[in-house]
Amino acid sequence: MINGKFFVIAGSRAWSDDNPCNAQFLAVEISRANRVLYVAPPLYPGALAAGRSPGRGQALQHVSSSIDVLETGAIILPHVSPQKVSERDFDEANMPGYLSGCRMVGRVVSHLCGGGFYLLCENHPLRSFYLTRTINPPMTVYYTHPELTVRCDETVSPFLEARMEAAADVVVTSDDCTADQARRHNIDTYNIGVGFDLDDYLSADDRPADAAFPHRPVICFSPGSRGEAIPEPLLCSVADAFGHCTLLMAECLPGDAPSLSMRGNVVFAGYGDAREMIALIAGCDVCLAPYYGQASRMQLQFVARCLALGKAVVAFAGPSMFTFLSYVMMAGDEAHFVRLTGLALAQGRDERRITRRRDFANSLTWRRCVERLYIAMSYSDNIPGAEENYQVT
């Protein structure tokens, strides 16, 4: 555990963004025992063209007793591609646009802590690199993961990511694949796992409550969030194959899936709050995650929530599902998916499997991620006396 320290966390989204980034969840967890300055990304020309005001920036906000948020405003960068110029010319063209914001961060850090601090960057590799060089922290942790959203206009080339990873004292990732790639540039690379907000689900009763479903057992599907594609043909096959069951469409309205609304064993739950979502999943027997390709963060969160309530989950195999490999039934195609749904229903309520799923979900919380982050920081050979400076439990 690290206590009483000062962390500067450069995130990839504004603090007020409706879809928080991973760094914001880490900041909240780290702030329970430390002071945190969260640095929001600058606004780029593309964001300004989309109508976001540059007046958002250059302000220090005190959002809690242990978290301050710094907005660094808008910057204008030249359209210089790293593929077309040398690394030196690229730096000369882009660095001036970043330095004003980086120097502002340095002044705020000096005012707030006046001394040692730790920098954690979950951001565009170019901005992270310049921020590291400008404020010169005792330790830099670069956090990279597949969900990282790059919000800028310039083309990103591999050398930008590579040199940020090489410049960091420690690189942490959310999966083994990204860790293997980063380890080519920095041997001090560690997978701290993926994090989800699961506390309410882990503390909830996993037993189905009485509900007015037309048939039991209950099969639950969620697209993850509004606007995500709904695989209607596959779900129609599931509804037809298991006519004795209820197919519960969470976070869906009848208009979202017209072909399913005509089936008598399909129930649309609509959009509810967090408490209602817990009750819906707890009331189900099997959960479906038929997400094609790279699943979104919200879709992965639905899988994690189902496991936190001990539910059997059927999903399509893919790189984004690798984290859940030993705890989710993975299908190779649609016919296989329907067969696995039947197998999950046939298994019924198995207390041993339920306990195993809930224990695994407990390892996916942000608190566990931060614990692994602290351990990764303690392994760094780049900071003299690192093992003595960190009290890891």
Side-chain angles (χ1 to χ4, degrees), residues 196 201 206 208 211 213-254 256-257 259-261 263-272 277-318 320-350 353-354 357 360-361:
F196 299 100
Y201 288 80
D206 64 275
F213 294 126
H215 308 284
R216 277 214 173 265
V218 178
I219 305 169
C220 181
F221 164 81
S222 170
S225 61
R226 297 188 188 187
E228 297 284 359
I230 297 177
E232 289 187 58
L234 173 60
L235 294 176
C236 286
S237 298
V238 172
D240 293 341
F242 306 102
H244 63 290
C245 300
T246 295
L247 176 57
L248 177 64
M249 302 289 289
E251 299 179 295
C252 296
L253 296 173
D256 298 330
S259 59
L260 285 164
S261 64
R263 286 166 167 77
N265 64 332
V266 177
V267 175
F268 289 85
Y271 305 108
M277 192 65 183
I278 294 174
L280 285 175
I281 297 176
C284 297
D285 301 279
V286 174
C287 297
L288 306 183
Y291 308 132
Y292 299 95
Q294 180 70 33
S296 69
R297 172 164 185 81
M298 296 304 293
Q299 291 172 335
L300 295 177
Q301 180 164 274
F302 172 69
V303 175
R305 287 172 170 177
C306 295
L307 293 175
L309 286 168
K311 303 304 176 181
V313 179
V314 183
F316 280 125
S320 57
M321 289 291 173
F322 185 79
T323 299
F324 309 109
L325 186 60
S326 299
Y327 303 89
V328 171
M329 294 181 172
M330 298 290 185
D333 55 39
E334 293 189 359
H336 189 202
F337 190 96
V338 175
R339 291 198 302 273
L340 286 181
T341 302
L343 177 61
L345 289 168
Q347 289 177 347
R349 182 177 177 87
D350 187 319
R353 286 192 175 98
I354 290 172
R357 293 172 192 136
F360 169 69

If you define the side chain from C-beta out and look only at heavy atoms, does anything of [X] sit under 4.5 Å from [Y]?
X    : Y    : result
S222 : Q299 : no
V303 : M321 : yes
I219 : V314 : no
T323 : F360 : yes
L235 : L288 : yes

inquiry  = Can you confirm whether Y271 is buried at OH, in the sense that more than 12 heavy atoms of other residues, nucleotides or ligands lie under 6.0 Å from that atom?
reply    = yes
Search all heavy atoms of [X] against all heavy atoms of [Y] and return the closest pair with its distance.
X    : Y    : result
V313 : A289 : CG1-CB, 4.3 Å
A269 : L280 : CB-CD1, 3.7 Å
A239 : L247 : CB-CD2, 4.1 Å
I230 : P223 : CG1-CB, 4.2 Å
L260 : E232 : N-OE1, 4.2 Å
F268 : S261 : CE1-CA, 3.6 Å

Residues in side chain to side chain contact (heavy atoms under 4.5 Å, CB included) contact with [X], at least two apart in sequence or another chain:
X    : result
D240 : R263
A317 : M330
S225 : E228, M298

task = Hey, can you tell me if F302 and Y291 have their rings parallel, tilted or perpendicular (30° and 60° cut-offs)?
result = perpendicular
key: Derivation and outcome, side-chain contact (heavy atoms from CB on, under 4.5 Å), residues F221 and L234   = CA-CA 11 Å; F221 164 81; L234 173 60; over 6 Å; no
query = What distance separates H336 NE2 from F316 CZ, expressed to the nearest 0.5 Å?
reply =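 Separation between the atoms: 10.0 Å.
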Under the salt bridge (charged side-chain N to carboxylate O under 4.0 Å, His left out) test, residues paired with R339 that sit two or more places apart =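 For R339, no residue satisfies salt bridge (charged side-chain N to carboxylate O under 4.0 Å, His left out) once neighbours in sequence are set aside.
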query = Does Q301 have any side-chain hydrogen bond (donor to acceptor under 3.5 Å, both in side chains) partners at least two apart in sequence or in another chain, and if so, which?
reply = none
ask   = Restricting to pairs with a member in residues 326-338, which pass salt bridge (charged side-chain N to carboxylate O under 4.0 Å, His left out), not counting sequence neighbours?
value =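 Matches after skipping sequence neighbours: none remain.
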key: F337 and its side-chain contact (heavy atoms from CB on, under 4.5 Å) partner, picked from P231, P290, S237   = P290
query = Distance-only, no hydrogens or angles: does the D285 side chain make a donor-acceptor pair with backbone N or O of L345 under 3.5 Å?
reply = no
